[in-house]
Each structure stands twice: as C-alpha cells, then as structure tokens.
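Right, one structure below, let's go through it.
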Amino acid sequence: MTSNSTDKPSKVTGIILAGGAGKRMGGADKGLMSLQGRPLIEHVIETLEPQVDDLLIVANRNAATYAEFGYPVVPDTLSGYAGPLIGMQAGLNACRTDIALFAPADAPALPVDLADRLLAATDAKLAVAADAEGWQPLCCLLPKSVMPSLDQAIDNNQRSPKAWLQTIQPAVVSFPGEDLIWSVNTPDELSALQQHPGLAA
C-alpha cells in the first residue's frame with residue numbers, strides 16, 4: 001500500500017464494509033461479484049489505497065478469499081447480517097488509527113479525493129459524503145471518539161447508519177458527479193456498469 005501519512009495531518013484507516021447479505025443480489029457476496037473482470041472490492045481497494053495509511057476489510061463470509069487481497073479481515077461484532085452499523089462498530093474496534101474512512105465493498109467508483117475532502121470538512125474529523133440523492137452514510141469519516149455513541153446506539157437496537165449519524169451531526173460534504181458509483185444493489189445495475197467508462201481495468 002502507498003502511504004500518504006507524510007502529507008496528511010492525521011493518519012487514517014480505510015475500512016471496507018463487505019458484510020452485507022446481498023439480498024437484492026440473490027444472496028451473493030457483493031464484494032466478490034465481477035465487474036469488468038475484477039471483483040467489486042478490488043475496484044474499491046484501488047481507489048481507497050492511495051488515500052489512507054492502513055486498510056482493513058469487515059466481512060461475515062469468505063474471509064479467506066478477502067484475506068487474499070492482502071489486508072486484515074475482521075467479522076461483524078454480531079452474527080447474522082445485523083446491518084452495516086454493526087460492521088462499522090467492528091471496523092472501529094479493529095482500527096489502529098484514531099480516524100477511520102468507511103466505504104462499502106460495492107462502491108466501485110468512489111471519489112479519488114474522498115479522504116482529503118472529508119478530512120478538510122471539519123476539525124472534528126466527523127463527516128459524511130453526499131450527492132444529489134442525499135447522504136451516502138456508508139461513505140463517512142469517523143474518529144474513534146464516537147465509539148461510546150455507536151455502542152449505545154447498537155445496544156438500543158439502532159441499525160440505521162444514517163439515523164445514527166444524524167445524532168452525532170457530521171459535516172456533510174457534497175460530491176456531485178455522474179461518474180461516481182456509491183453502491184451496486186441489483187443484477188441489472190451490475191450489468192449496466194460493465195461498460196462504465198470510469199472503470200478501466
């Protein structure tokens with residue numbers, strides 16, 4: 001991994017959330033589905049790797065396959081596909097830096113300046129990406145200091161990342177652009193992206 005730690009005021013761990021059940025994909029592990037001949041997560045790693053100082057993957061299945069990408073793989077803190085907020089908790093627990101940059105494994109065309117723009121948005125290092133459709137709550141920057149709030153929310157059966165984020169009031173950073181892909185949710189969406197110009201192999 002190429003580290004930019006000398007250029008950034010704070011070290012950041014990229015955390016890729018690959019623990020979803022993939023219900024709209026027929027139960028498939030979305031991060032390992034192929035897009036232009038490569039797994040979706042490989043596109044995510046390619047974009048995040050230059051932006052962060054460390055990287056880890058949160059996954060509930062196929063841990064050995066995800067480990068082949070060369071980064072630590074940690075499971076959700078609760079079993080049974082309890083939702084991405086649980087994955088965020090697992091990622092923060094495993095994170096070795098004070099700041100984490102989250103992204104889902106099915107976001108193959110993220111902004112190449114995602115980390116820098118979220119870091120610049122607030123001294124609190126607490127920010128969420130947004131586009132014309134609204135917040136993208138799985139693409140967010142979180143300091144480890146939010147752990148007590150996150151733990152409490154999960155203990156209270158909160159499972160919505162957006163609902164929890166709203167309670168801690170992150171800075172909202174707009175990323176307009178038709179070439180960005182924040183998630184791939186259905187087989188039709190995946191098929192339509194096979195010719196996407198921003199995903200040259």
Side-chain angles (χ1 to χ4, degrees), residues 1-20 31 41 43-60 63 66-67 69-78 82-107 110-130 135-155 158-173 175 182-183:
M1 179 175 64
T2 301
S3 173
N4 294 336
S5 59
T6 58
D7 299 326
K8 292 197 288 287
S10 304
K11 289 188 176 182
V12 178
T13 296
I15 300 177
I16 301 176
L17 300 171
I41 195 172
H43 294 276
V44 180
I45 290 172
E46 184 177 83
T47 303
L48 283 191
E49 189 181 50
Q51 302 188 50
V52 298
D53 304 282
D54 202 358
L55 198 64
L56 62 86
I57 299 167
V58 179
N60 288 325
Y66 280 116
F69 293 100
Y71 300 99
V73 179
V74 299
D76 279 355
T77 51
L78 293 176
L85 204 61
I86 307 301
M88 295 168 78
Q89 182 186 50
L92 280 175
N93 278 330
C95 182
R96 295 181 295 181
T97 61
D98 289 335
I99 304 171
L101 174 67
F102 287 90
D106 64 336
L110 292 169
V112 296
D113 58 352
L114 180 64
D116 285 343
R117 289 178 62 181
L118 293 183
L119 281 165
T122 169
D123 289 340
K125 308 307 178 193
L126 174 60
V128 63
W135 285 21
Q136 297 294 333
L138 300 189
C139 291
C140 62
L141 186 77
L142 297 178
K144 289 199 77 167
S145 60
V146 304
M147 282 297 298
S149 172
L150 178 56
D151 292 343
Q152 182 177 10
I154 290 172
D155 288 345
Q158 174 63 263
R159 294 296 181 265
S160 166
K162 183 176 181 180
W164 171 67
L165 283 171
Q166 287 173 330
T167 69
I168 58 175
Q169 300 181 324
V172 181
V173 182
F175 289 87
W182 301 100
S183 64

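In what follows, residues are counted from 1 in the order of the sequence shown.
Here K11 does not pair with D98 in a salt bridge; the nearest charged N to carboxylate O distance is not below 4.0 Å.
Using a 4.5 Å heavy-atom cutoff, the side chains of I41 and I57 are in contact. Counting heavy atoms from C-beta outward, W164 and V146 have side chains that approach closer than 4.5 Å. Residues V52 and T13 fail the side-chain proximity criterion, which asks for heavy atoms closer than 4.5 Å. The side-chain heavy atoms of Q136 and P104, taken from C-beta on, include no pair separated by under 4.5 Å. Side-chain contact between I154 and L85 is present, with at least one heavy-atom pair separated by less than 4.5 Å. By the 4.5 Å heavy-atom criterion applied to side chains, L92 and L142 are counted as neighbours. For the pair P143/L126, a side-chain contact is recorded, criterion being any heavy-atom separation below 4.5 Å from C-beta on. A heavy-atom distance below 4.5 Å is found between the side chains of W182 and P111.
A 6.0 Å sphere centred on CD of Q152 holds no more than 12 heavy atoms belonging to other residues, nucleotides or ligands. For D123, the CG atom sits in a loose shell: 12 or fewer heavy atoms of surrounding residues, nucleotides or ligands are nearer than 6.0 Å.
For D151, the side chain to side chain donor-acceptor pair (under 3.5 Å) partners at least two apart in sequence or on another chain are Q89. When the side chain to side chain donor-acceptor pair (under 3.5 Å) test is applied to W135, no partner is found at least two apart in sequence or on another chain. In this structure S145 satisfies the side chain to side chain donor-acceptor pair (under 3.5 Å) test with no other residue, sequence neighbours excluded. Residues that satisfy the side chain to side chain contact (heavy atoms under 4.5 Å, CB included) test with V74, not counting sequence neighbours, are L56, V58, A94. Remark: R159 engages no residue in a side chain to side chain donor-acceptor pair (under 3.5 Å) (not counting sequence neighbours). Under the rule for a side chain to side chain contact (heavy atoms under 4.5 Å, CB included), the partners of A171 that lie at least two apart in sequence or sit in another chain are A121, T122, A127.
Across all non-hydrogen atoms, the minimal contact from A103 to L48 is CB-CD1, 3.9 Å. Contact record, P84 with L138: CB-CD2, 3.6 Å, taken as the closest heavy-atom pair. The shortest heavy-atom contact between V128 and P170 is CG1-CG, 3.8 Å. Across every non-hydrogen atom of P137 and C140, the tightest pair is O-SG, 3.5 Å.
Judged purely by atom type and a 3.5 angstrom limit, D53 uses its side chain to pair as donor or acceptor with the backbone of V12. Looking only at distances, a side-chain donor or acceptor of Q51 sits under 3.5 Å from a matching main-chain atom of A115. A donor-acceptor distance shorter than 3.5 angstrom exists from the side chain of Q158 to the backbone of S160, with no hydrogens or angles considered. With K144 contributing its side chain and C95 its backbone, the two residues share a donor-acceptor pair below 3.5 Å.
The distance from the CG atom of L141 to the CG atom of L118 is 5.5 Å, given to the nearest 0.5 Å. With rounding to the nearest 0.5 angstrom, the CG atom of L101 is 12.0 Å from the CG atom of D54. Remark: I86 CD1 to L150 CG distance equals 7.5 Å, nearest 0.5 Å. Annotation: the span from L119 atom CG to L114 atom CG amounts to 9.0 Å, rounded to 0.5 Å. Between the CD atom of E49 and the CD1 atom of I16 there is a distance of 9.5 Å, given to the nearest 0.5 Å.
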Note to self: Quick one, L110 with F175, criterion side-chain contact (heavy atoms from CB on, under 4.5 Å). Give me CA distance, side-chain angles, the key distance, then yes/no.
What the structure shows: CA-CA 10 Å; L110 292 169; F175 289 87; over 6 Å; no
Next item on the list: Step by step, work out the side-chain contact (heavy atoms from CB on, under 4.5 Å) result for F102 and I15.
Entry: CA-CA 5 Å; F102 287 90; I15 300 177; 3.6 Å; yes
Check: Given L17 and M88, is the side-chain contact (heavy atoms from CB on, under 4.5 Å) satisfied, shown in steps?
Finding: CA-CA 7 Å; L17 300 171; M88 295 168 78; 3.9 Å; yes
